[in-house]
Amino acid sequence: MLCIDNLTLIRAKKKLLNNVSLTLTPGELTVILGPNGAGKSTLLKCCSGALEPDSGSIALEQTSLAEWALTSLAKKRAVLTQQIHMPFSLTAKEVVSLGLAPWSITDKKANQLIKLTLDDVGMAGTEQRYYTSLSGGEQQRIQLARVLVQLFADPTSSASNPKYLLLDEPISALDLHQQQKVLRLIKALAQQGLAVFCILHDINLATLYADKIILLEQGNVVFSGQPSELKNNNQIETTYQADLIRLTHNESQLPQWQFRQ
């Protein structure tokens with residue numbers, strides 16, 4: 001597990017995170033929700049090791065995150081951030097292959113893995129296309145493939161050796177069909193044993209796919225629980241300060257929200 005305990009991070013005398021505690025559990029899709037500026041991306045950066053908190057602790061499988069060697073950490077967890085600038089003329093295949101940097105595998109296995117992963121994210125046959133020629137949504141799926149091969153390359157991955165996938169808005173540039181495809185994929189990966197941390201803006205998609213929802217407001221956790229617990233809870237309306245109508249999904253019976261006109 002990845003355990004965050006009383007995490008606080010301060011920048012310019014402002015608490016971006018305030019005593020945040022949560023656990024990322026293998027086999028679960030944990031979705032982080034919250035308004036702009038709530039601290040979602042900051043929390044992900046702390047969980048990935050990119051930011052060091054001012055107080056509190058982060059432990060990956062009972063070892064402090066700060067004590068992990070970078071190569072060992074790269075073999076254990078993969079991170080997809082929101083903005084990724086690729087200044088070089090690389091093909092889609094070359095971009096995805098960057099995820100294999102921590103590993104020593106044969107070219108044959110690497111090619112097979114890249115091909116299968118591109119198919120998983122709906123980008124089959126794009127290996128030789130230049131990354132810069134792709135649309136924003138296509139680039140986003142190529143980057144998702146990159147972090148997936150980083151984890152899939154490990155032949156010893158198992159229930160006793162779980163992996164961690166941290167995703168910051170992985171569907172922000174995708175159309176409806178691709179949003180559904182990617183969310184179904186990461187849900188399936190969680191069910192297969194990955195611990196998935198995913199930031200989303202869409203509260204309706206979050207409640208449909210998440211096993212656990214963490215709701216942040218001004219750096220504080222104001223809700224932590226299963227999506228069904230939001231059915232009789234006004235925290236979404238309170239946190240987002242929006243005039244909403246709460247509905248129930250016809251098939252899942254999970255809560256959904258619409259704007260009031």
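With a 6.0 Å radius and a threshold of 12 heavy atoms from other residues, nucleotides or ligands, K212 has its NZ atom above the threshold. Counted within 6.0 Å of CD on Q179, heavy atoms from surrounding residues, nucleotides or ligands total more than 12; the atom is thus considered enclosed. By the neighbour-count criterion of 12 heavy atoms within 6.0 Å, atom NZ of K76 is densely surrounded, having more than that number from other residues, nucleotides or ligands. The 12-atom threshold is exceeded at CD of E61, counting heavy atoms of other residues, nucleotides or ligands nearer than 6.0 Å. Within 6.0 Å of CD in Q253 there are more than 12 heavy atoms belonging to other residues, nucleotides or ligands. Heavy atoms of other residues, nucleotides or ligands lying less than 6.0 angstrom from CD of E229 number more than 12. In N234, the CG atom is crowded: over 12 heavy atoms of neighbouring residues, nucleotides or ligands sit closer than 6.0 Å. Crowding of K187 atom NZ: a count of heavy atoms from other residues, nucleotides or ligands under 6.0 Å exceeding 12.
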Can I203 and L230 be said to form a side-chain contact (heavy atoms from CB on, under 4.5 Å), step by step?
CA-CA 11 Å; I203 57 177; L230 288 167; over 6 Å; no
Derivation and outcome, side-chain contact (heavy atoms from CB on, under 4.5 Å), residues N111 and K93
CA-CA 9 Å; N111 290 335; K93 179 181 177 181; 2.9 Å; yes
Check the pair L9 / C46 against side-chain contact (heavy atoms from CB on, under 4.5 Å), numbers first and verdict last.
CA-CA 9 Å; L9 186 136; C46 289; 3.7 Å; yes
Worked check of side-chain contact (heavy atoms from CB on, under 4.5 Å) between W257 and I245
CA-CA 6 Å; W257 290 264; I245 301 170; over 6 Å; no
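Ion pairing between a basic and an acidic side chain is recognised when a charged N comes within 4.0 Å of a carboxylate O; D54 and R11 show such pairing.
The CG atom of L51 sits 9.5 Å away from atom CG of L7, with the distance rounded to the nearest 0.5 Å. Atom OH of Y240 is separated from atom CD of Q235 by 10.5 Å, given to the nearest 0.5 angstrom. Rounding to the nearest 0.5 Å places OG1 of T126 at 11.0 Å from NZ of K115. Taking CG of L166 as the reference point, atom NZ of K45 lies at 13.0 Å (rounded to 0.5 Å). Here L100 contributes atom CG and I114 contributes atom CD1; the two are 5.5 Å apart, rounded to the nearest 0.5 Å. Remark: L194 CG to T25 OG1 distance equals 12.5 Å, nearest 0.5 Å.
Side-chain atoms of Q140 come within 3.5 Å of backbone N or O of E169 as a donor-acceptor pair. At least one donor-acceptor pair closer than 3.5 Å links the side chain of T117 to the backbone N or O of L113. When atom types are taken as modelled, the side chain of T23 and the backbone of C3 share no donor-acceptor pair closer than 3.5 angstrom. Under a 3.5 Å cut-off, the side chain of Y164 and the backbone N or O of M1 do form a donor-acceptor pair. Distance alone, capped at 3.5 Å, is enough to place a donor-acceptor pair between the W103 side chain and the Q150 backbone. Side chain of R77 to backbone of S48: a donor-acceptor contact under 3.5 angstrom is found. With Q139 contributing its side chain and Y131 its backbone, the two residues share a donor-acceptor pair below 3.5 Å. When atom types are taken as modelled, the side chain of K75 and the backbone of K163 share no donor-acceptor pair closer than 3.5 angstrom. At least one donor-acceptor pair under 3.5 Å links the side chain of D211 to the backbone N or O of L29. The closest donor-acceptor contact from the side chain of E94 to the backbone of T91 lies under 3.5 Å.
Residues I199 and L24 share a hydrophobic cluster, clusters being chains of Ile/Leu/Val/Met/Phe/Trp/Tyr side chains in contact below 4.5 Å. If you chain together hydrophobic residues whose side chains sit under 4.5 Å apart, L148 and F197 never meet in one group. Two different hydrophobic clusters hold V182 and L176 under the rule that ILVMFWY side chains link at heavy-atom gaps under 4.5 Å. Follow the hydrophobic side-chain contacts under 4.5 Å out from L44 and you reach I32 in the same cluster. Put simply, L73 and V149 are part of two different groups of oily side chains (I, L, V, M, F, W, Y) that touch within less than 4.5 Å, one to the next.
Summarising the geometry of R246 relative to N233, their closest heavy-atom pair is NH2-O, 3.3 Å, with the distance given to 0.1 Å. The two residues A206 and V31 have their closest heavy-atom pair at CB-CG1, 3.7 Å. Residues S224 and I214 approach most closely at OG-CD1, 3.2 Å, considering heavy atoms. Here the closest heavy-atom approach between residue V121 and residue A145 is recorded as CG2-CB, 4.1 Å. The heavy-atom pair separating A74 from P102 by the smallest distance is CB-CG, 3.7 Å. Smallest separation of non-hydrogen atoms from P162 and G193: CB-O, 4.3 Å.
Two residues are said to be in side-chain contact when any heavy atoms from C-beta on lie closer than 4.5 Å; R141 and K181 fail this criterion. Counting heavy atoms from C-beta on, the side chains of L118 and V96 come closer than 4.5 Å. In this structure, the side chains of Y209 and R184 come closer than 4.5 Å at one or more pairs of heavy atoms. Between L205 and I171 the shortest side-chain heavy-atom distance falls below 4.5 Å. Taking 4.5 Å as the limit, every side-chain heavy atom of L183 sits out of range of all side-chain heavy atoms of L208. Between L165 and L80 the shortest side-chain heavy-atom distance does not fall below 4.5 Å. Using a 4.5 Å cut-off on side-chain heavy atoms (C-beta onward), P53 and L17 make no contact. Side-chain contact check for T238 versus V222: every heavy-atom pair is 4.5 Å or farther apart.
Judged by distance alone, the side chains of T207 and Q256 do bring a donor and an acceptor atom under 3.5 Å apart. If you check the side chains of Q82 and S172, you find no donor sitting under 3.5 Å from an acceptor.
Checking N18, T239, N19 one by one against N220, the side chain to side chain donor-acceptor pair (under 3.5 Å) holds for a single residue, N18.
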